2 protein chains.
Amino acid sequence: MTQRVKESFGSGGGSGSAGAGSGGAGSGPSGPPPAPAALAAKVRTLAPSMTRSMQRVAEAVANDPAGCAALTVTGLAELTGTSEATVVRTARLLGYPGYRDLRLALAGLAAQQQSGRAPAITTDIAVDDPIADVVAKLAYDEQQTLADTAAGLDTVQLGAAVSAAAAARRIDVYGVGASGLVAQDLTQKLLRIGLIAHAHSDPHLAVTNAVQLRAGDVAIAITHSGSTGDVIEPLRVAFEHGATTVAITGRPDGPVTQYADHILTTSTARESELRPAAMSSRTSQLLVVDCLFVGVAQRTYEMAAPALAASYEALAHRHRR
Amino acid sequence: MTQRVKESFGSGGGSGSAGAGSGGAGSGPSGPPPAPAALAAKVRTLAPSMTRSMQRVAEAVANDPAGCAALTVTGLAELTGTSEATVVRTARLLGYPGYRDLRLALAGLAAQQQSGRAPAITTDIAVDDPIADVVAKLAYDEQQTLADTAAGLDTVQLGAAVSAAAAARRIDVYGVGASGLVAQDLTQKLLRIGLIAHAHSDPHLAVTNAVQLRAGDVAIAITHSGSTGDVIEPLRVAFEHGATTVAITGRPDGPVTQYADHILTTSTARESELRPAAMSSRTSQLLVVDCLFVGVAQRTYEMAAPALAASYEALAHRHRR
DNA sequence: CACCGAGCCGAAAATATCTTTCATACGTGA
DNA sequence: TCACGTATGAAAGATATTTTCGGCTCGGTG
């Protein structure tokens with residue numbers, strides 16, 4: 001077997017020196033383009049990997065884009081009680097080359113909000129909320145999650161993942177816990193259009209199966225935290241065996257991505273006691289998975305069309321009247 | 001055991017009317033032109049009072065706000081074959097303190113134009129849609145489904161179901177196929193807050209287990225079509241054994257409801273070849289299930305709170321960087 | 001036809017803003 | 001408690017923006 005190693009995964013125990021990328025504009029962990037309006041979502045997504053000071057900056061930016069857009073680096077640093085360096089660092093983390101570009105994006109966002117008039121019912125669900133409120137809040141929240149996910153999804157990565165999956169000899173999907181259900185959902189649908197797909201929730205079996213993979217196969221890991229060992233391990237094995245690997249995660253900087261050829265980022269909605277993170281992450285993951293599926297169905301249309309029709313027929317038969 | 005019979009068949013279902021307002025990032029397709037035209041108009045208005053060089057700059061800015069927003073003073077000066085000073089002068093004339101602010105406004109303008117571009121999301125997903133459109137359409141569609149579901153959900157029925165579940169000795173959930181995953185999702189969450197819940201995908205085992213149920217227990221059937229025999233059968237058994245029965249279905253007039261004490265209606269979005277019904281029904285079912293869960297968590301807060309906190313902690317531990 | 005003045009224009013200096021570097025302080029785990 | 005790694009801000013360094021200033025063109029005038 002070939003021991004593949006992903007070279008771009010930065011600073012692994014190294015000197016931590018300057019990150020001047022090779023070949024010029026490299027920069028950063030994974031920033032194909034800057035983000036348009038997905039900024040609020042991105043802030044939430046990346047918040048966990050931020051330091052305290054950076055979080056303060058990110059929060060200020062997310063809360064008042066318009067106001068921050070009017071500020072210079074120094075101004076924003078003072079406002080948040082931090083230094084210019086921290087502001088720049090935050091901008092970088094959010095995917096921009098520097099503060100200047102973040103500021104530009106901020107101005108755009110402000111303009112959009114201005115014209116879009118965001119309703120923003122940002123209240124948490126309380127213990128004594130009447131049931132009707134619960135329904136409204138949950139629905140709103142999931143809608144928000146969907147919008148954020150769609151805005152933050154990297155279509156280039158998605159396209160690459162779709163291509164790989166459409167041409168794959170075999171597709172393995174790893175996920176445990178709530179993500180396991182998403183993995184099964186994806187698998188069910190892929191099977192339905194005639195592809196060979198398996199979902200693995202058992203870490204041991206997953207690894208055992210991952211060994212079978214080779215170039216041309218696709219392995220997909222689904223984990224919100226990005227650091228679920230039970231899911232990373234099989235992905236690593238698949239990666240090292242030459243399979244094309246995809247990570248669907250809410251932490252694009254987490255350990256999983258170390259072994260992922262393509263990274264699909266799910267959005268993280270703020271969570272609260274009565275609204276566990278699993279809820280919105282699931283919604284987000286499902287959207288990503290749906291996109292992946294539809295993309296694959298498009299690419300394999302010749303095969304998928306009759307298969308879809310057939311399963312549709314088969315189902316109708318079970319419906320008694 | 002008593003052979004229960006439901007006296008009024010076909011009652012229940014909610015209004016089912018389509019929801020109107022949705023929050024989300026919908027953004028008006030083409031509202032009144034707010035600010036974008038403002039700048040273009042200003043350019044035209046002030047053009048006569050501009051010198052030749054300034055006109056060149058103004059023209060460039062009006063024609064391609066987005067492109068110009070990406071340029072520095074020097075860049076724009078070169079592009080228009082003028083000097084930095086001229087660019088700044090133009091910016092001043094247009095009413096900004098300097099180029100920096102013009103650039104910010106330009107970025108905002110670009111973003112507005114961008115968002116105003118409705119990508120024709122009212123259309124079905126086609127085989128040759130670019131991947132970005134697929135994402136947008138799917139997200140939009142699922143948002144719509146959520147809005148519809150929330151609007152059509154009967155909160156009285158939901159409240160009744162919540163009460164029953166919160167007080168239940170044991171909760172059984174039936175679902176096959178895609179609905180099976182929803183059943184599992186609900187079960188996972190209920191288990192997490194200390195309730196006793198089981199999901200059954202195997203019809204035979206489901207029936208076998210349903211026999212165990214009695215008054216005070218709750219049985220929940222999840223079926224989009226409302227006529228999935230494999231799910232109706234266990235619900236019937238549970239119903240006849242005295243359990244409180246709940247149906248989560250897209251057809252409030254379908255056969256399942258015959259044995260359901262409480263009916264929770266999911267919405268049905270239009271489907272197409274590349275967008276199977278399973279997709280939107282799943283979204284809808286999950287929202288209902290989430291509402292049910294949160295409702296139950298509220299009612300059993302004393303018990304649920306520590307459980308939720310505990311699982312939160314357990315998860316947080318895996319988040320270490 | 002030559003001269004003159006007014007205002008346009010751009011090169012370069014001056015300033016503001018952004019970015020990088022580096023030493024220090026803090027928190028964390030042994 | 002100590003040692004290590006990391007986060008953080010002050011200040012130096014690099015860019016971008018603004019201002020200054022002198023050349024230039026153009027239109028009018030003797």
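Computed from a prediction, not measured in an experiment: that's the story for all the values here. Worth knowing before you read on, the calculation uses all heavy atoms, side chains too, and leaves out hydrogens, waters and symmetry mates. Labels below follow one simple rule: chain letters A, B, ... track the order of the sequence lines, proteins then strands, and each chain is numbered from 1.
- Distances shorter than 4.0 Å separate some side-chain N or O of B:T72 from OP1 or OP2 on D:dT17.
- Distances were taken from every side-chain heavy atom of B:T74 (C-beta onward) to each of C:dT20, D:dT17, C:dC8; the shortest belongs to D:dT17.
- With rounding to whole Å, B:E78 atom CD is found 10 Å from C:dA11 atom P.
- Between the C1' atom of C:dA16 and the CG atom of B:D101 lies a distance of 13 Å, rounded to the nearest Å.
- Across D:dT18, D:dT17, C:dT19, the shortest atom-to-atom separation from the side chain of A:V88 is found for C:dT19.
- Taken residue by residue, residues 60-70 of chain B places no heavy atom nearer than 4.0 Å to DNA chain C.
- Per the geometry, CZ belonging to A:R103 stands 11 Å off P belonging to C:dT19, to the nearest Å.
- The side chain of A:S83 contributes no N or O atom lying less than 4.0 Å from OP1 or OP2 of D:dT8.
- Rounded to whole Å, atom C1' of D:dT8 lies 15 Å from atom CD of A:Q55.
- A close approach under 4.0 Å does not occur between any side-chain nitrogen or oxygen of A:R89 and OP1 or OP2 of C:dT21.
- Comparing A:A85 and B:E84, the nucleotide of DNA chain C nearest to each residue sits closer to the 5' end for B:E84.
- Atom pair B:L76:CG and D:dT18:P shows a separation of 12 Å (rounding to whole Å applied).
- The distance between atom OH of B:Y96 and atom P of D:dT18, rounded to the nearest whole Å, is 14 Å.
- In this structure, A:Y99 atom OH and D:dT15 atom P are separated by 20 Å, rounded to whole Å.
- Between B:T86 and A:V73, it is B:T86 whose nearest contact on DNA chain C lies nearer the 5' terminus.
- At the phosphate of C:dC26, neither OP1 nor OP2 sits under 4.0 Å from any side-chain N or O atom of A:R52.
- Considering CZ of B:R56 and OG1 of B:T51, their distance stands at 9.0 Å, rounded to 0.5 Å.
- A:G75 comes within contact range of no nucleotide atom at all, as no heavy-atom separation falls under 4.0 Å.
- D:dT17 atom C1' lies 9 Å from atom CZ of A:R100, rounded to whole Å.
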